[in-house]
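Only one structure is covered here, and it is reproduced in the block below.
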There are 2 protein chains.
Amino acid sequence: MHEPGTCQSCSQRFNSVFCKAKDEFVNQINEQKICNVYKKGQTLFNEGSYPFGVYCINDGKIKLSHQGDDGKEQIIRLLKAGDVLGYRALLSGDRYSASAVALEDTQVCFIPKDLFVSVLKMDPGLAFEMMKLLSDELHRAEIKLTHLAQKPIRERLAETLLFIKETYGFEQDGITLNVRLSREEIANLVGTATESAIRLLSEFKKDGMVELDGKKIKILKAKELIRAANLQD
Amino acid sequence: MHEPGTCQSCSQRFNSVFCKAKDEFVNQINEQKICNVYKKGQTLFNEGSYPFGVYCINDGKIKLSHQGDDGKEQIIRLLKAGDVLGYRALLSGDRYSASAVALEDTQVCFIPKDLFVSVLKMDPGLAFEMMKLLSDELHRAEIKLTHLAQKPIRERLAETLLFIKETYGFEQDGITLNVRLSREEIANLVGTATESAIRLLSEFKKDGMVELDGKKIKILKAKELIRAANLQD
DNA sequence: CGAATAACATGATAAAAATCATGTTTTCTG
DNA sequence: CAGAAAACATGATTTTTATCATGTTATTCG
């Protein structure tokens, strides 16, 4: 991980919600941004606290999770370089409804609330991208909601593995998922008990669909996994 | 239900996402809007088709639902006068991911896509309200997602009844939910089997929390229902 | 390095929820 | 209005999933 440069030359600039933002505003953001590194396991913000701005991931991985009423974690989003977080609460005028924790050492730029809001008001391009982002997230949430309500855990686990693949891709070998998640985190992504996730992962392994080596998960038969996920869309 | 007037004088104007929109744009919308009445059970749009604009409910009630992979309905939103629908797909540049069906005779105004988008680009007030709306919906979806993953059906049913109350309120008597939903629809809102919803409603009745008279549901003990929903937030 | 702790794994059991079956009531429709 | 269809209700059964228990393997940290 190298030092962050300017927003203008940021490798993620055209890969993020800021892709359509005017140069003039990108310059303003560059001047006021505050870059920071969060070590693996560190918290960016906590559910219940007030947002003071948005975070833009330069490099690394972050999980966003809710605390269920009984204290159980539910992971609602996985974020990577180019992703922005913290906007939901800010736009709703709410406290954070989720906590953000780094899954590995992660470099993020913080953009203060007032600046973000004022740019959003002056730059329709950014505003539109923001609406698109929100709409896409809403879509994803609604699909997940339907699957949680209707699909058995085995299918949801298969789907989750494919989702992790979509989000973080593979390592150089082309088959190992490029993120390390505990079985508990996988369970909290699927929405099930940790033991159930472990058990089904073992089944997938027995069926030859995946290979397990500690937290390294290799996808051996993506097609069968897709079948196991039973996706129509 | 009376004839729709102008958007300028619409009873829902300041009750909707258009509350902050400039008069100039409201006038434009008024000129191009197309009003329509949908009978109970009629479909406004279907999952999979392309959006040509957004719908603004003047009077009535609408359900938005997904089709699960196995064909089972999942109701993702309940809408009432003042609510707008169809924007998610439009902003994502997608097809509709849900179908909209009138729960009773409903009057809606249709605003063509191009007009809506162009106003959205020129009116930051409207754009901001739209972002707030999307953020709020996203929030709701994420909470529901967590509850689907973590809470037993009994709690979710209690929560659903309270949600219906929040959305549609009571009839004049102050205790009867102001909407008629079939047991199957309630189940599809809760995310459970119809029989389970029926069974638990009977339990709630036996416990004296609700009174059932066909599709009329009376909330007798709201406090106990809140307790049964086991809400921390 | 080695003890302590956390994560992983798996079997046994219990609880939750879906499905199946059947009968009743309500609603729709000719 | 009567017959048909749909919705509602409830018991019995099966399936799914969570929980509990216990042992093993990794990780962390002094």
Side-chain angles (χ1 to χ4, degrees), chain A residues 39-42 68-75 101 103-104 146-160 179-207 210-218 228 230, chain B residues 39-42 68-75 101 103-104 146-160 179-207 210-218 228 230:
Chain A
K39 290 269 166 200
K40 176 179 173 172
Q42 270 196 309
D69 289 345
D70 53 352
K72 192 178 177 197
E73 173 187 53
Q74 179 67 32
I75 300 181
V101 174
L103 290 171
E104 56 184 52
T146 302
H147 289 180
L148 271 167
Q150 303 188 352
K151 303 183 85 174
I153 293 181
R154 188 185 154 88
E155 294 182 14
R156 302 212 310 267
L157 174 63
E159 198 179 358
T160 297
V179 66
R180 299 297 138 87
L181 294 169
S182 68
R183 301 292 191 265
E184 188 178 6
E185 285 173 319
I186 291 173
N188 294 344
L189 214 35
V190 172
T192 187
T194 306
E195 295 96 320
S196 299
I198 291 174
R199 223 181 291 276
L200 285 165
L201 276 173
S202 300
E203 263 191 41
F204 284 1
K205 179 182 170 185
K206 209 176 292 170
D207 297 348
V210 304
E211 194 181 308
L212 303 173
D213 174 15
K215 290 193 176 54
K216 279 190 229 173
I217 297 177
K218 291 186 208 295
N230 188 29
Chain B
K39 290 266 164 202
K40 176 178 174 174
Q42 270 197 309
D69 290 346
D70 53 351
K72 192 179 178 198
E73 173 188 55
Q74 178 67 34
I75 300 181
V101 174
L103 290 171
E104 56 184 51
T146 302
H147 288 180
L148 271 166
Q150 303 189 351
K151 303 183 85 174
I153 292 181
R154 187 186 154 87
E155 293 182 16
R156 302 212 311 266
L157 174 62
E159 199 178 358
T160 297
V179 66
R180 298 296 137 87
L181 295 168
S182 69
R183 300 292 191 265
E184 188 179 5
E185 285 172 319
I186 291 173
N188 294 345
L189 214 35
V190 172
T192 187
T194 307
E195 295 96 320
S196 299
I198 291 174
R199 222 181 292 275
L200 285 165
L201 276 173
S202 299
E203 263 192 41
F204 284 1
K205 179 183 170 185
K206 208 176 293 169
D207 297 349
V210 303
E211 194 181 310
L212 304 173
D213 174 13
K215 289 192 175 56
K216 280 190 226 171
I217 297 177
K218 291 187 208 295
N230 188 28

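Lettering follows sequence order; numbering is per chain, from 1.
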Nearest whole Å is fine: how far is [N] [atom2] from [X] [atom1]?
X: A:Ile186; N: C:dA7; atom1: CD1; atom2: P; value: 13 Å
X: A:Asn188; N: C:dC8; atom1: CG; atom2: P; value: 12 Å
X: B:Ile198; N: D:dC8; atom1: CD1; atom2: C1'; value: 5 Å
X: A:Asn230; N: D:dT16; atom1: CG; atom2: C1'; value: 16 Å
X: A:Arg199; N: D:dT17; atom1: CZ; atom2: C1'; value: 9 Å
X: A:Arg183; N: D:dT24; atom1: CZ; atom2: P; value: 19 Å
X: B:Glu195; N: C:dG23; atom1: CD; atom2: P; value: 16 Å
X: A:Leu200; N: C:dT10; atom1: CG; atom2: C1'; value: 13 Å

Please check the phosphate of [N] (OP1 and OP2 only) for any side-chain N or O of [X] closer than 4.0 Å.
X: A:Lys215; N: D:dT27; result: no
X: B:Ser182; N: D:dA6; result: no
X: B:Ser202; N: D:dT10; result: yes
X: A:Thr192; N: D:dT17; result: no
X: A:Ser196; N: D:dA18; result: yes

| query | So, the side chain of A:Glu104 versus the backbone of A:Lys40: is there a donor-acceptor pair under 3.5 Å, distance only? | reply | no
| message | Test your reading of the model: is there a side-chain donor-acceptor pair from A:Gln74 to the backbone of B:Ala149, 3.5 Å cut-off? | response | no
| field | Residues in side chain to side chain donor-acceptor pair (under 3.5 Å) contact with B:Glu155, at least two apart in sequence or another chain | value | B:Asn230
| query | Looking for any heavy atom pair under 4.0 Å, which part of the strands does A:Thr194 touch: base, sugar-phosphate only, or nothing? | reply | nothing
| field | Position toward the 5' end of DNA chain D (nearest nucleotide), A:Gly214 or A:Arg154 | value | A:Arg154
| Closest nucleotide of DNA chain C for B:Arg156 versus for B:Lys40: which of these residues is on the 5' side? | B:Arg156
| message | Within the supplied structure, the quantity of interest is the number of heavy atoms (other residues, nucleotides, ligands) at a distance under 6.0 Å from A:Lys205 NZ; does it exceed 12? | response | no
| message | As a test of understanding, state which of A:Leu189, A:Ile75, A:Asn188 forms a side chain to side chain contact (heavy atoms under 4.5 Å, CB included) with A:Leu181. | response | A:Leu189
